Each structure stands twice: as structure tokens, then as C-alpha cells.
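Lettering of chains follows the sequences in order, A, B, ..., and the numbering in each one begins at 1. Just so you know, these numbers come straight off a predicted model, no measurement behind them.
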There are 2 protein chains.
Amino acid sequence: MSKSEQLVDTALQLFYRQGFHATGVEQLSREGEVTKKTLYRYFPTKEALVEAALQRRDAQFMDELQRFVAPLPLAERPAGYIDFIVQWVQQPTFHGCFFINAVAEYAGCDEPAHRIAAAHKRALRSYLAQLCTEAGLEGAAGVAAQLFLLGEGLIVACQVEGPEPPLLAAAQATAAGWTRQGGVS
Amino acid sequence: MSKSEQLVDTALQLFYRQGFHATGVEQLSREGEVTKKTLYRYFPTKEALVEAALQRRDAQFMDELQRFVAPLPLAERPAGYIDFIVQWVQQPTFHGCFFINAVAEYAGCDEPAHRIAAAHKRALRSYLAQLCTEAGLEGAAGVAAQLFLLGEGLIVACQVEGPEPPLLAAAQATAAGWTRQGGVS
DNA sequence: GGAAAAGTAAACCGATCGGTATACAAAAGT
DNA sequence: ACTTTTGTATACCGATCGGTTTACTTTTCC
């Protein structure tokens, strides 16, 4: 693995665990086993490293989701999205959504980090719409939006309160309802 | 208004707009029209001011919600929660949920800020359960959890992508479905 | 009216922030 | 072989961080 990939990897982990402002470049270079000078060769600023970490997480997340959903029959894939989230929020390393966390720290809509996060969510929503269409659901676009909101809610609720069984159950019950009847309204 | 209330007020606004780590005590005292010395008389540390701001926001939010829901007939109050969120996320000052933002920056479950946020969400959930029970919904606890997840999802989705009409519509459609038929499963 | 409390203004503390500079050692490319 | 690139190690930069201190002025209250 190249030094720059190693750096992005480390940055992703540290930013995710500790937050962005709470992670300094000193720690990033130390933990990434690279000198500050080398870090600044590849990334002109800390912001650039933040953006690279977000891009990497985007690719990683979409890849994991697609792998999770692939073995399921087409009709079960929309609800499978919620199962994917349910499994994720129960992992001990879970600390919420990297992109939502980024937006919390970089509030300005013009900030690059915010724009990358918005782009990621837009891509995710369009992927969900595709899953719903392929599943033959009526009002696929609407169901996809509902599925998306449910997923986002489950992620942040479990980030704050932990993976409480009633929350997981509520999410799965809602998704199961849509899968059966094709969405409300 | 006392100096300490003035300070908490300012802190709430600044933390909400800029984030916690991005707001320094220098700015807090300047904008709060108080000397650093005075600030430190009332709050032994910045963390204490963070906690006070969270507590104030908890009271403020629950109060606004109750006021919004009060004029509605009992049966319409659960769905009214979503209307409350819909109206909130469209305000130009909206920057997401203060508590979710706090958890993003103070990730440790042991951190005071995180615990206050979790307590707020627990209180909100129990209030929603009360609304659902009073509305005579079957499976009130389950519907309340679904309502809660939907609201959380709408909040963060609009924080990242802005108040897009399809998102607002999806949330209201989902809530309307529950109000009519008493929840799924 | 006189002490105590609450306030201002501003200098100061060590630590850390993001980022740069200097000096030198391995690789790598041709 | 010789130059360029990539890397290390480390000291340094000005600015800001959270927090303290000193000296002086109100306000409050008995």
C-alpha cells in the first residue's frame, strides 16, 4: 500500500473515531507512520485529507452495501438495505455515519466536506430508487425516499442511544410493511 | 436576563451554528458581552458551558414541540410531530439537531455531552409514546418508535441535503399512513 | 458608609494548532 | 554514475487553544 493510501486509511479511522477538529495532523502523521513533511507532500492541507477520507468512505460504503444486497432476491433487496444498517449499527466500532458527522462539524453548505457528504447521500438515494424499481414496487421513488429516511433515522438514533432492540425492531417492521404492500401513498 | 443566562444563550447559538470545537471561549465571552473572567466564574470549564447549552436546548425544544402540538386534536398529534419537524427543517437557521451534532463531536459514550443527548432523545421518545397512546393508536409504543426514527431521519437528511420536497413528502406520507391505520406490525 | 460580591480590561500561561524549513538518507530512473 | 524523487527526523513558525492572574471599577446589600 502506498504512503498516501496508508495516510487516507489512518485519517478515515481517526476522523471517524475522534471527529475532525479533534484530530490533529501530528497524530495523523504519527499514526499513519509518515512524517508531517511527507503528509504535506500528498495533501496540501488538512482539509484535502478530510476530503480524501470522505471520498474513500463513499466508495467503501457503497461497495459494502452492494455486496450485502447482491445475494438477495430482487424483491427482498429494498428491505435488505435496512438489514444492512441494522447489522452495521450493532458493530462495536460503529460511531454513526461518517458523512453526517462531517456535516455536523463543517456546517457551511459551501464547505467542500459538506458538498461531498451531500453528493454521497444523493448517490445512495438514487441507488435505493434503483433497488425499489428492480423489486417491482409501486411508487418506487417514494418508497426509496421513505427507506432512506428510515435508514438515516436508525443510524443516528443508534449513534446517540446505542442499538436498542425496540429501535431495530421498529425499523425492520416499517421496512417489512413496504416490501409487502409497495409503500404508503 | 442574568449574565449567566446571556452566556448560555450565546453559547447555544454559536455552538449550533459553528460546532463545539470550532467555537472558542474567546468568542463565547466576546459575543456574550462578558469577560472571560466572568465566564469562568459561572462555568468552571468550557465543557460546563457545553452541558448548560445542551440542557437549555432540551427545555427549549420540548417546549416548542408541546406548544406546536397542543392545538391539535388528540388523534392528529402523532402525525403533528412530523409536521413540527417539517416546519423546523425549512427555517433558514436550521443546522440539524443540536444533540446529534454534539454526539458527532463528543463520540465517547462516557462523555457528559453524549449522555445528555441520549437522555434528551429518551425523553422525546417517551413523549411521543404518550402522544400515540393518547391518540388511541394500536401498538402505541411501536408507532412511537417508528415516528421517532422517521423524524430523526428527516432532520439529518435535510441537514445534509437541504429541505428537498421529496424528502418532506415522503416523511408526511409515512406518518399519515400510521395515523390512519394504527401502525405496521 | 463600608465591606463583599460581581464586573471590566488586558496581560499572561503552557500547550497545541496547522503548516514550513533545514539537513540528510535511501531509493528509483535513465 | 548521477540526478530526481521520496522519505526521515526534527526544529521551528505565528496563531490560537483553554484557562489564570493582576489591577481596577462598579454594584449590591446590610
Heavy-atom donor-acceptor pair, [X] side chain to [Y] backbone, under 3.5 Å:
X	Y	result
A/Arg77	A/Leu72	yes
A/Thr35	A/Thr38	no
A/Asn101	A/His95	yes
A/His114	B/Val160	yes

A/Glu26: partners by salt bridge (Lys or Arg N to Asp or Glu O under 4.0 Å), with sequence neighbours left out: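 Salt bridge (Lys or Arg N to Asp or Glu O under 4.0 Å) check on A/Glu26 returns A/Lys36.
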Contact list for [range], test side chain to side chain donor-acceptor pair (under 3.5 Å), sequence neighbours left out:
range	value
residues 60-69 of chain B	B/Arg57-B/Gln60, B/Asp63-B/Arg67
residues 116-134 of chain A	A/Asp58-A/His120, A/Lys121-A/Glu152, A/Arg125-B/Glu161, A/Arg125-B/Glu164, A/Gln130-A/Glu134
residues 10-24 of chain B	B/Gln18-B/Thr23, B/His21-B/Glu105

Any residue meeting side-chain contact (heavy atoms from CB on, under 4.5 Å) with A/Leu7, in chain and number order, not counting sequence neighbours: A/Val34, A/Leu39, A/Phe43
Can you sort out which residues in [range] have a heavy atom within less than 4.0 Å of DNA chain D? Ascending by number, please.
range	answer
residues 19-26 of chain B	B/Thr23, B/Gly24, B/Val25
residues 37-51 of chain A	A/Thr38, A/Arg41, A/Tyr42
residues 3-17 of chain A	A/Lys3

Worked verdict on A/Leu168 versus A/Cys158 for side chain to side chain contact (heavy atoms under 4.5 Å, CB included): CA-CA 9 Å; A/Leu168 306 182; A/Cys158 291; 4.0 Å; yes
Rounded (10°) bend between the five-pair end axes of the helix from C/dG1-D/dC30 to C/dT30-D/dA1: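 Overall, the helix from C/dG1-D/dC30 to C/dT30-D/dA1 bends by 20° from one end axis to the other.
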Ion pair check, A/Arg56 and A/Asp9, cut-off under 4.0 Å: yes
Span of DNA chain C, from the first to the last nucleotide whose atoms fall under 4.0 Å of chain B heavy atoms: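 For DNA chain C, the relevant span reads C/dA6 to C/dA9.
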More than 12 heavy atoms of other groups within 6.0 Å of A/Glu33 CD: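 No, the 6.0 Å shell around CD holds no more than 12 heavy atoms from other groups.
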Under the ring-ring contact (aromatic ring centres under 6.0 Å, His included) test, residues paired with B/Phe94 that sit two or more places apart: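 In terms of ring-ring contact (aromatic ring centres under 6.0 Å, His included), with neighbours along the sequence ignored, B/Phe94 is linked to B/Trp88.
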Contacts of type ring-ring contact (aromatic ring centres under 6.0 Å, His included), residue B/Tyr81, not counting sequence neighbours: none
Ring center gap for A/Tyr106 and A/Phe20 short of 6.0 angstrom: yes
